[in-house]
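Worksheet: the structure to be examined is printed underneath.
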2 protein chains.
Amino acid sequence: MADVFAALANPTRREVLRLLLERGEQPVQQLADHFDMRRPSLSEHLRVLKDAGLVTEHPIGRQRFYALRPEPLAEVADWLGPYERFWRARLADLREVLDGLPDE
Amino acid sequence: MADVFAALANPTRREVLRLLLERGEQPVQQLADHFDMRRPSLSEHLRVLKDAGLVTEHPIGRQRFYALRPEPLAEVADWLGPYERFWRARLADLREVLDGLPDE
DNA sequence: ACAATAGGTAGGGGATTCCCTACGGGTCAA
DNA sequence: TTGACCCGTAGGGAATCCCCTACCTATTGT
């Protein structure tokens, strides 16, 4: 499974994920209509997303439908876990400072 | 502020963040000791992290200490939010299927 | 059978990434 | 002040990224 972070590094690929989340599975041409980009370029982005496990693909007739596969994003969320504890502690510190200010 | 996702795409940079989380702020040389890489290359990674707002830097004498700044990671967590709802729904579906199986 | 449609692959070119070595500026210790 | 140390920047090279056009196969409709 290719690197999920690398797959997410590209804005076009993140936009594809957003479209698939909002509208559900879609064929390639329908996705391509929303980008200022030729279809073969989008096809390559879709391959990167598929290699990262972020989308699945299945053919219906001559179309290929791509669908969101969010499991790798759950892994990203797990990766964020330890950092989340850190930034929450920071926010708590900030709140304490604010609470300690002379009333105004 | 540069693209946080692009900054996270590189394994060395993610490792830097991990080191800063585990050990707190550190000078460049101490970070560089943990990579099979020349120091100037690590300096460039640190600049990318700083441009993305993921680290802060302050000099003490002739050393420069880098520290974790987790706020952009909180933004990544926010970005994940809608997808999290999606994968949780998936897990719930899976649980239903398992519950519906004939007892075994 | 033939034309049209959907979409992947090949190959190329310019931009960017990621490493390197060489070097320069600032700080500390003798 | 002189040398050692910390670290950033310059510049270059190989690899990768990201777009393109051209082309191919597979499926559908006439």
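Proteins come first, then strands; the chains are lettered A, B, ... in the order of their sequence lines, and each starts at number 1.
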Please determine whether a side-chain nitrogen or oxygen atom of [X] lies at a distance below 4.0 Å from atom OP1 or OP2 of [N].
| X | N | result |
| --- | --- | --- |
| B:R64 | D:dC6 | no |
| B:S41 | C:dC20 | yes |
| B:Y66 | D:dG8 | yes |
| B:N10 | C:dC18 | yes |
| B:R38 | C:dT21 | yes |
| A:H45 | D:dC17 | no |

When the distance from [atom1] of [X] to [atom2] of [N] is rounded to whole Å, what number comes out?
| X | N | atom1 | atom2 | value |
| --- | --- | --- | --- | --- |
| A:F65 | D:dT27 | CZ | P | 15 Å |
| A:L31 | C:dA6 | CG | C1' | 13 Å |
| A:D3 | D:dC17 | CG | C1' | 14 Å |
| A:Q63 | C:dA4 | CD | P | 19 Å |
| A:R13 | D:dC19 | CZ | P | 8 Å |
| A:L42 | D:dT21 | CG | C1' | 16 Å |
| B:E25 | D:dC7 | CD | P | 13 Å |
| B:Q26 | D:dC6 | CD | C1' | 15 Å |

- Message: Return whichever of B:E57 or A:E44 has its heavy-atom-nearest nucleotide of DNA chain D closer to the 5' end.
- Response: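 Taking each residue's closest nucleotide, the earlier one in sequence belongs to B:E57.
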- 5′-ward residue of the pair A:M37/A:G61 relative to DNA chain D: A:M37
- Query: Below 3.5 Å, does any donor atom in the side chain of B:R62 face an acceptor in the base of D:dC5, or the other way round?
  - Reply: yes
- base_contact_polar (C:dG8 base, A:R39 side chain, donor-acceptor, <3.5 Å):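 Such a pair is found, so the answer is yes.
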- Query: Among the nucleotides D:dG8, C:dG7, C:dG8, which one has an atom lying closest to any side-chain atom of A:S43?
  - Reply: C:dG8
- Message: Which residue in the set A:D3, A:L54, A:L8 passes side-chain contact (heavy atoms from CB on, under 4.5 Å) when paired with A:P72?
- Response: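 Passing option: A:L54.
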- Message: Is it true that, when you exclude A:R38 itself, more than 12 heavy atoms of the residues, nucleotides or ligands shown sit nearer than 6.0 Å to its CZ?
- Response: no
- How is B:P27 classified with respect to the nucleic acid when contacts are heavy atoms under 4.0 Å: base, sugar-phosphate, or nothing?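 Sugar-phosphate, backbone atoms only, no base.
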Is [Y] close to [X] at the side-chain level, that is, under 4.5 Å between some pair of heavy atoms?
| X | Y | result |
| --- | --- | --- |
| A:W79 | B:R18 | no |
| B:Y83 | A:L21 | yes |
| A:V48 | A:R13 | yes |

